[in-house]
Amino acid sequence: MILMNEVYKTYANGVTALNGINIDIEQGEFVYIVGPSGAGKSTFVKLIFREEKPTNGNVIVNNMDLSDIKEKRVPYLRRNVGVVYQDFKLLSKLTVYENIAFALEVIEESPRNIRQRVMEVLEVVGLADKTKAFPDELSGGEQQRISIARAIVNNPEIVIADEPTGNLDPDTSWGIMETFEEINSKGTTIIMATHSKEIVNTMKKRVIAIEDGVIVRDEHRGEYGYEI
Ligand code: ADP
Ligand code: ADP
C-alpha cells in the first residue's frame, strides 16, 4: 500500500534528508519511525501525504505514484491519508465540531452525513460532549484527540502521525496510543514518527529506524533502540 523505491530528498538549501530509501508497508500495519533528531523521519512521513516531493525515486501510495500525480489529484490523495501533528494544528477560531466538519465540508458532503460522521468520530476519541468547545478550552490531550478525530473523519486508509505525543505527559500519551490502537484494529494503516522509547518498547510493532537519511533497521515487533 505504501512503496518507496530508491527515494532521495534534497531540500532547496542543499541538505539531503533522505538518501536512498526502499520500503514496503502493507495495509493494516502499525509502523513506528524512530531515529535521532534530523535523521529524516519528518521528511519520510511528509512524502506519504505529498507535503514534500522526492528529488529522485518513486513514492507509491494506494497504487498512485505521487511523483507524477497532477496537482488537482492531490486532494483525493489527502482524503485517503489522515495526518496528526505534534502541535495539533487545530483552527483556534472554530469549535471542535467545526474543526472536524471542515474536512467533510470541502468535499461537499450533505449536512446530515456530516453531522452523523462528526459525532461518530467524536465517540471514537471519547469527546462527544465537547462539540461546542474551542480548542483553547481543552487540555493538550483533548486537543490531540480532536485532531485524531479530524484525521479519521474521511475514513482514510492511512493515518500518519508525526510525534503525536511529543507535547503530552506520559499518562495522556498512553490514552492517545490506545486510540491509535483502536483505529488500527479496524484496519487503518498507521505510520508514527516518535521519540517515545516507552511507547515503542511496550507496543511491539514494526520499527523502522532512520539515521542520516538511510534506513538502518526494519524489524517486526521491534524495539526503540536508542537511550533517549
Ligand atoms: P527528523 O524528523 O528526523 O528530525 P527531518 O526530516 O525533519 O528529520 O530533517 C532531516 C534533515 O533535513 C535535517 O537536516 C533538517 O534540518 C532538514 N530539513 C527538514 N526540513 C527542511 C526544509 N524544509 N528545508 C531544508 N532543510 C530541511
Ligand atoms: P518536527 O521535528 O516537529 O517534525 P519540523 O518538521 O518543522 O519539526 O522540522 C524538523 C527539522 O527540520 C528541524 O530540525 C527544523 O529545524 C528543520 N527545518 C524545518 N524547516 C526548515 C527549513 N525551511 N529550512 C531548514 N531547516 C528546516
Side-chain angles (χ1 to χ4, degrees), residues 1-25 29-61 65-69 71 74 77-78 81-90 140 143-144 147-148 151 156 158-170 173 176-177 180 184 189-203 205-220 222-228:
M1 113 163 310
I2 299 169
L3 272 173
M4 292 194 195
N5 181 28
E6 284 300 307
V7 166
Y8 292 79
K9 175 66 185 181
T10 300
Y11 285 105
N13 62 357
V15 172
T16 294
L18 296 176
N19 208 351
I21 298 282
N22 292 288
I23 202 74
D24 182 352
I25 295 170
E29 284 199 75
F30 196 130
V31 185
Y32 288 111
I33 311 297
V34 304
S37 275
K41 303 180 298 295
S42 284
T43 304
F44 176 88
V45 301
K46 282 174 183 169
L47 290 175
I48 300 170
F49 60 102
R50 208 168 176 275
E51 177 74 14
E52 294 288 350
K53 289 193 228 178
T55 315
N56 258 301
N58 304 95
V59 178
I60 297 165
V61 176
D65 189 334
L66 305 196
S67 327
D68 57 34
I69 62 170
E71 284 309 317
V74 171
L77 167 75
R78 297 266 167 84
V81 185
V83 185
V84 176
Y85 301 91
Q86 177 172 358
D87 59 358
F88 324 135
K89 296 202 193 299
L90 298 171
Q143 290 184 58
Q144 192 56 297
S147 91
I148 294 171
I158 303 167
V159 170
I160 306 288
D162 195 354
E163 300 225 28
T165 61
N167 289 348
L168 306 175
D169 63 58
S173 299
I176 294 292
M177 292 313 302
F180 279 115
N184 176 245
T189 307
I190 299 194
I191 320 278
M192 183 179 300
T194 185
H195 278 119
S196 173
K197 178 180 174 180
E198 290 70 25
I199 287 173
V200 174
N201 288 350
T202 306
M203 305 290 272
K205 306 288 190 188
R206 181 173 176 183
V207 175
I208 295 174
I210 301 180
E211 293 179 19
D212 287 333
V214 176
I215 293 178
V216 294
R217 186 153 58 87
D218 182 357
E219 297 168 336
H220 286 272
E223 298 261 321
Y224 183 68
Y226 300 95
E227 277 318 303
I228 46 150

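Read the numbers this way: they start at 1 and go in the same order the structure lists the ligands and their atoms.
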Under 4.0 Å from a heavy atom of [X]: which atoms of ligand 1 are those, numbered in the order shown and with their elements?
| X | value |
| --- | --- |
| Ala17 | 10 (C), 11 (C), 12 (O) |
| Pro36 | 3 (O) |
| Ser37 | 4 (O) |
| Ala39 | 1 (P), 3 (O), 8 (O) |

Check this for me: does any side-chain nitrogen of one of Arg217 and Glu211 sit under 4.0 Å from a carboxylate oxygen of the other?
no
Are the charged groups of Lys53 and Glu71 less than 4.0 angstrom apart, N to O?
yes
Hey, can you tell me if Tyr226 and Tyr224 have their rings parallel, tilted or perpendicular (30° and 60° cut-offs)?
perpendicular
For ligand 1, find out whether one of its N or O atoms is nearer than 3.5 Å to an N or O atom of Glu52.
no
Return a yes/no value for Val15: is any of its N or O atoms, backbone included, closer than 3.5 angstrom to an N or O of ligand 1?
no
If you measure from CD1 on Ile158 to CD1 on Ile48, what distance do you get to the nearest 0.5 Å?
7.0 Å
With a sphere of 6.0 Å drawn around CG of Asp169, does it hold more than 12 non-hydrogen atoms of other residues, nucleotides or ligands?
yes
Tell me which one of Gly213, Ala193, Gly38 gets a heavy atom nearest to atom 10 (C) of ligand 1.
Gly38
Checking Arg78 now: which residues fulfil side-chain hydrogen bond (donor to acceptor under 3.5 Å, both in side chains) with it, not counting sequence neighbours?
none
